[in-house]
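Order of the sequence lines sets the chain letters (A, B, ...), proteins ahead of strands, with each chain counted from 1.
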Amino acid sequence: MNTQTAPLLSARGLTKHFAIKGGIFAREVHRIHAVDGVSFDIAAGETLGLVGESGCGKSTTGRCILRLIEPSSGEVWFQGRDVTKLDADALRGLRRDMQIIFQDPFASLNPRHTVGGIIGEALIIHGLSRTRAELDDRVVQLLETVGLQPDHRHRFPHEFSGGQRQRIGIARALAVEPKLIICDEPVSALDVSIQAQVINLLEDLQEKFGLTYLFIAHDLSVVEHISDRVAVMYLGRVVEIAPSRELYDNPRHPYTEALLSAVPIPDPLVKRKRIVLQGDVPNPIRPPTGCRFHTRCPIAEARCSQEVPELEQSSDGHWVACHLRR
Amino acid sequence: MTEALLEIKDLKTWFKTDDGMVRAVDGVSMTIARGETLAVVGESGCGKTVTARSVLKLIDMPPGRFEAGQIVWRGRDLIPLPAADMDKIRAREIAMVFQEPMTSLNPVYTVGDQIAESLRTHHGLSRKESIDGAVEMLKLVQIPNAERRVHDYPHQFSGGMRQRVVIAIALACKPQLLIADEPTTALDVTIQAQILELLGDMKAKFGMAIMLITHAMGVVAENAQRVVVMYAGKVVEEAPVEELFGNPRHPYTQGLIRSIPRVDARTRGHARLEQIPGTVPSLLNPPAGCRFANRCRFATDPCRDSEPPLRQVAPNHKVACIL
Amino acid sequence: MAGSIPASLSADQATGAAATDRPSRPVSLAGEAWRRFRKHRLAVVSLIVLALLIAAVGLGPLLWKVPINDIDFGAKLRGPSLGHPFGTDDLGQDLLARLIYGGRISIAVGLAAMFVAVTFGVMIGAIAGMASGRVDAVLMWITDLFLSLPQLPLLLLVIYLFRDTLKNLLGLEMGVFVLIVLVIGGLRWMPVARLVRAQFLSLREKEFVEAARALGASRIRLVIRHILPNAMGPVIVAGTIDVAAAIIAESTLSFLGLGFPPDVPTWGRVLFDAKDYLDIAPHWALFPGAAIFLTVLSINFIGDGLRDALDPRRVL
């Protein structure tokens, strides 16, 4: 949208509706609008942060891009191809270029495989190592890349701490030498002192291998730190996209503003005016009409409940979906 | 500091496991004065939750046991207290709010019944009175349509609303101390802001003391008056909040404060985060000497040999570090 | 509540172990399971009892060389003695020898029927769990249908209908063996299928399975390498219970006179023969009864121990 060179990845109108079936005939009784017309670009080598509260559709967006979840509609362009139209074989090829790192370092590693088996799996699937020795060498190399010991490859995941497990997950994603890594809340489950280790590792790897990240998180301070640009989601829609610093210095959308002001600052001398939003996030089965934020918005007007605001550019690279703030 | 409401003295809560004794809380002392908010901060496994549960004697014994120490509540040691007396203190004098609002409510009773139950058992109110009391409490924690919602079940509330209900139950008997164990960890930031604001309002209204257990430094900075930092079952630093953030003395506290990215202007520029290397040591065979020594940049041989005592470095500021 | 605390602490211990640079000493998962199993004292005792029973029926004939069909009317319905430690039946046949021989068949039936039930159940459950949608609905429908059938009458009917056919096809003993195994196994696969389906449905959504999909693993690979191994813990537990249930089912059939022919002394059959002499020769019923009781009980206790040892929550 705002990148000069061709983006590495562009999502256009990405939509995912989950049908909830009920009754004897498995009719669709409800439809959850998890992701609703999400569009953004990611340039090669940049980090796009995707923030929002639980249930806003940020993780679903990440999984739709990888087609771990099949999107209902929309396009995802990656290196000149529409990912949503790829057949099974082409999709397998795509897996070498796009990887994912998960939130839960305990659930994301198969408890019955050794660390070596976990990291080496992709190499076996894609036939990237000709011999056993070559495979072993590559696993050792990957372990060292993420700051683990070579002999860790014979151990099982339960012998490691959360931070170390997250490193294993990162090594697994790196094995295929991907171009894009979707980081789905990679530090949310970790302790504060370990978060910094993993964030620094991700930054080092980006520099070393020229990686592009889609960094999904609910923690705005982490996203601000690691991202070049940030997209804010609310109830399945992107409400604002801007360069990281611009977004934090000059938030336009009332939701972004409230979200930023809600983040506690670890300094008792800093006193800010806090915008405390009223109420809860509405049910995504029956999302509000018009602007989805109008039910909680402190500045909403009549038309906010009727017309859907489009994402429009308000200043260079700063996109907002709000009738009142441009 | 005026009168101490709760005084924990050299508490040791250990757990017997197959592999040996886990020293979850190993010689922890802290005090809470009437009406103050004390934050206990530390990473998972540092013993902050076990300390809090020890105060209410909510530790399963076995495998847990009090190895040493005293928990003095208004001049009375709780550790030797019989279960019946402890029941009277729980909820009526000390109440607790847990991290997970869904599991701390009973799904088969209406929220009204659950608040009313606490009113009935502790104040001997009639059923009608107690339900009225429950409505009052729900209004107090700002739940809209309290008269109607009092008859709803926990699953009909959202996460933030549930945590309000939990707080209403905890406050129903006007306790003098509220122990809040990670009360907002399971909630989104905007909801976290609501709940913290509510806790502040309730404190202003009832004047109870709050023991806020958390791992989030931001929450500490914005809500506490005094802070106790725990690491691997020990208190490493204790100070008033401005002092702690302005002049952290223990290398662990310094690391904790500097390792978190901040949204405000102070840390602008793409500086690398300061990181604490390594991981928390095993509490099974904790290292001799300072437990932070193997991750500490400044550690010297004396650090590894003998355990540093908690010493006063400034008024109300104690540090367990020899440097 | 506080129960969770030691668990999280032990996770930290593992952390400490891995963090320190000790020489590599991988704790294998089997070793870990065995360590937990050993803590279940009753299960360990049961394992020893079962091992002794199996050794007895396996090696017994080498040591106790009395023939099972040595008729001696002079010594009929004798109580236990040195010559006949378990006594004799109405034909003067040695009960110890007969129980040793019959035990082989009873235990073989138990194991084989369990194998049939587990294999079939895992297949149905895995297909239902992976396919979801219509295939899943139909398969679960069939499972429920089987579950709602009255088992004993059906068992009797099937045996009545097919006994002669199989007898002609495979010979008397083998025919009855195959029939009984298939019938018992064929009526016990449903709980396994449901269990496996439930496991598949939850494991399918686990992040490590998603990770494998993201790496490009095929469906077959997902099932074989990632889902099935993690689903097997509860299935093994259910399998042990199935062995016990099959032994009882075989005894019931034999006791009703529908199982093996009279000259094949399975435990149930011996019990059946003994029932008319309960008042004058109680030992005749006592020993096969005790054998069934001990075997089934110890298998069930082993199942309990395995349940604790293989509990996926402890691993995941």
- Message: For L68(A) versus A214(C), what's the shortest heavy-atom pair and its separation?
- Response: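 So the minimum-distance heavy-atom pair works out to CD2-N, 3.8 Å.
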- Query: Where do S108(A) and A211(C) come nearest, in terms of heavy atoms and distance?
  - Reply: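 Heavy-atom minimum between the residues: O-CB, 4.3 Å.
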Measuring from atom [atom1] of [X] to atom [atom2] of [Y], what distance do you get when rounded to the nearest 0.5 angstrom?
X: N110(A); Y: L203(C); atom1: CG; atom2: CG; result: 9.0 Å
X: R225(C); Y: E121(A); atom1: CZ; atom2: CD; result: 6.0 Å
X: Q103(A); Y: E207(C); atom1: CD; atom2: CD; result: 6.5 Å

- chain A contact via R221(C) - which portion, at a heavy-atom distance below 4.5 Å: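 Side chain of R221(C) only, per the 4.5 Å heavy-atom cut-off to chain A.
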- Side chain / backbone / both / neither for L91(A) at chain C, heavy atoms under 4.5 Å: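 For L91(A), there is no contact with chain C at all, as no heavy atom is under 4.5 Å.
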- Please look at I125(A) and chain C and tell me whether the side chain, the backbone, both or neither of the residue comes under 4.5 angstrom of a heavy atom of that chain.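 The answer is the side chain of I125(A).
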- Message: Tell me which of these, D104(A), I100(A), L66(A), has more heavy-atom pairs under 4.5 Å with chain C than the rest.
- Response: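 Of the options given, most contacts go to D104(A).
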- Query: If you count heavy-atom pairs under 4.5 Å with chain C, which of M98(A), R95(A), R67(A), Q99(A) comes out on top?
  - Reply: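 The candidate making the most pairs under 4.5 Å is R95(A).
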- Main-chain N/O of G216(C) paired to H126(A) side chain as donor or acceptor, under 3.5 Å: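 Such a contact is absent between H126(A) side chain and G216(C) backbone.
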Neighbour count above 12 (heavy atom, 6.0 Å) for [X] [atom1]:
X: F115(C); atom1: CZ; value: no
X: L145(C); atom1: CG; value: yes
X: R35(C); atom1: CZ; value: yes

- Task: Report the C-alpha distance between M232(C) and R112(A) in whole Å, list the side-chain angles of each, state the deciding distance to 0.1 Å, and finish with yes or no for side chain to side chain contact (heavy atoms under 4.5 Å, CB included).
- Result: CA-CA 11 Å; M232(C) 282 318 276; R112(A) 299 193 188 275; over 6 Å; no
